[in-house]
Amino acid sequence: MNVEDLAHPAEEVAPELLGAVLTHETPEGTVSITITETEAYSGAADPASHAYRGRTLRNAAMFGPAGHLYVYRSHGLHWCANIVTGTEGIATAVLIRAGRVVEGEDLARERRGANVESPRLARGPGNFCRALGITAEHNGADLLTGASVVLSDGEPVPAALVRAGPRVGVSKAHDWQHRFYLAGDPTVSAYRLSPRAKPSAGA
């Protein structure tokens, strides 16, 4: 995985990230997670994007460069991780919604809870970050330089397994087909329509 792979609009990169692996090395050990579900957010062109109204202290990492992490707090409870894509200065990013733990399952379970079943360890963006050990300190981290959090290629994903659908839990532009996931994979999160969602123009 290199910056050229990520230097494209989020909706193009999001399906290509399926099967890629995020690895986090910590003093407690290493956890690696294969990505099974993503969601694309397209900055100023996307009413559901954090960058829709411009740059702020919170969303600054989303403006690039590609290959860095944008980490934010959701509802004051969970950390969520996005991989920045596109051209520096234009805010686009891919939210990592779910994955399958392929290394360090014991450590991931310590972080998530002893009774959590394997498919649920990294199901949902908050659980993904918890299992991987991602917090605010990783906001802006470069995933391509061999630092503690690294994005790498995984096993190729057959195109026949890739599905697209509406985004989860957002009230604006929720019906854009910018959620991508592996069909039949038990780690993929359930689709939930926001109760505040209204019909919107497609993208």
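Remember, predicted model here, so these are calculated numbers, not experimental data.
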(message) Quick one: does any side-chain atom of His68 pair with a main-chain N or O of Gly140 as donor and acceptor, under 3.5 Å?
(response) yes

(message) Distance alone, cut at 3.5 Å: any donor-acceptor contact between the side chains of Thr36 and Arg100?
(response) no

Got a list of side-chain donor-acceptor pairs under 3.5 Å for residues 114-125, not counting sequence neighbours?
unit_1: Ser118; atom_1: OG; unit_2: Glu105; atom_2: OE2; d: 2.7
unit_1: Ser118; atom_1: OG; unit_2: Arg109; atom_2: NH2; d: 3.2
unit_1: Arg123; atom_1: NE; unit_2: Pro186; atom_2: O; d: 3.3
unit_1: Arg123; atom_1: NH2; unit_2: Pro186; atom_2: O; d: 2.5

(message) I'd like to know if the side chain of Asn139 and the backbone of Ala136 have a donor-acceptor N/O pair within less than 3.5 Å.
(response) no

(request) Applying salt bridge (Lys or Arg N to Asp or Glu O under 4.0 Å), name anything that partners Arg167, two or more places apart in sequence or on another chain. (result) Asp46

(request) Assess whether side-chain contact (heavy atoms from CB on, under 4.5 Å) is satisfied between Ile33 and Phe128, documenting all intermediate values. (result) CA-CA 8 Å; Ile33 303 179; Phe128 187 100; 3.3 Å; yes

(request) Spell out, as yes or no, whether a donor-acceptor pair under 3.5 Å connects the side chain of Glu37 to the backbone of Ser189. (result) yes

(request) Test Leu107 against Thr26 for side-chain contact (heavy atoms from CB on, under 4.5 Å), laying out the working first. (result) CA-CA 10 Å; Leu107 178 54; Thr26 68; 4.3 Å; yes

(message) Would you say that Val188 contacts Arg179 through its side chain, given a criterion of any heavy-atom pair below 4.5 Å between the two side chains?
(response) yes

(message) Donor-acceptor pair, distance only, cut-off 3.5 Å: does the side chain of Asp175 make one with the backbone of Pro166?
(response) no

(request) Test Leu22 against Val150 for side-chain contact (heavy atoms from CB on, under 4.5 Å), laying out the working first. (result) CA-CA 6 Å; Leu22 274 172; Val150 176; over 6 Å; no

(message) Testing the 3.5 Å rule here: is there a donor-acceptor pair between the side chains of Glu103 and Thr23?
(response) no

(request) Please check if the side chain of Ser32 supplies one atom and the backbone of Val102 the other of a donor-acceptor pair under 3.5 Å. (result) no

(message) Does the plane of the ring in Trp176 sit parallel, tilted or perpendicular to the ring in His178? Use 30° and 60° as the thresholds.
(response) perpendicular

(request) Dump the intermediate steps for side-chain contact (heavy atoms from CB on, under 4.5 Å) on Asn82 and Leu69, then the final yes or no. (result) CA-CA 6 Å; Asn82 301 255; Leu69 271 183; over 6 Å; no

(message) What's the separation between atom NE2 in His8 and atom OG1 in Thr87, rounded to the nearest 0.5 Å?
(response) 9.5 Å

(request) Would you check if the side chain of Glu11 reaches a backbone N or O of Ser42 as a donor-acceptor pair within less than 3.5 Å? (result) no

(request) Using modelled atom types only, decide if a donor and an acceptor are shared between the side chain of Asn59 and the backbone of Thr56 within a distance under 3.5 Å. (result) yes

(request) Would you check, one step at a time, whether the test side-chain hydrogen bond (donor to acceptor under 3.5 Å, both in side chains) holds for His78 with Arg73? (result) CA-CA 6 Å; His78 310 293; Arg73 193 80 148 173; over 6 Å; no

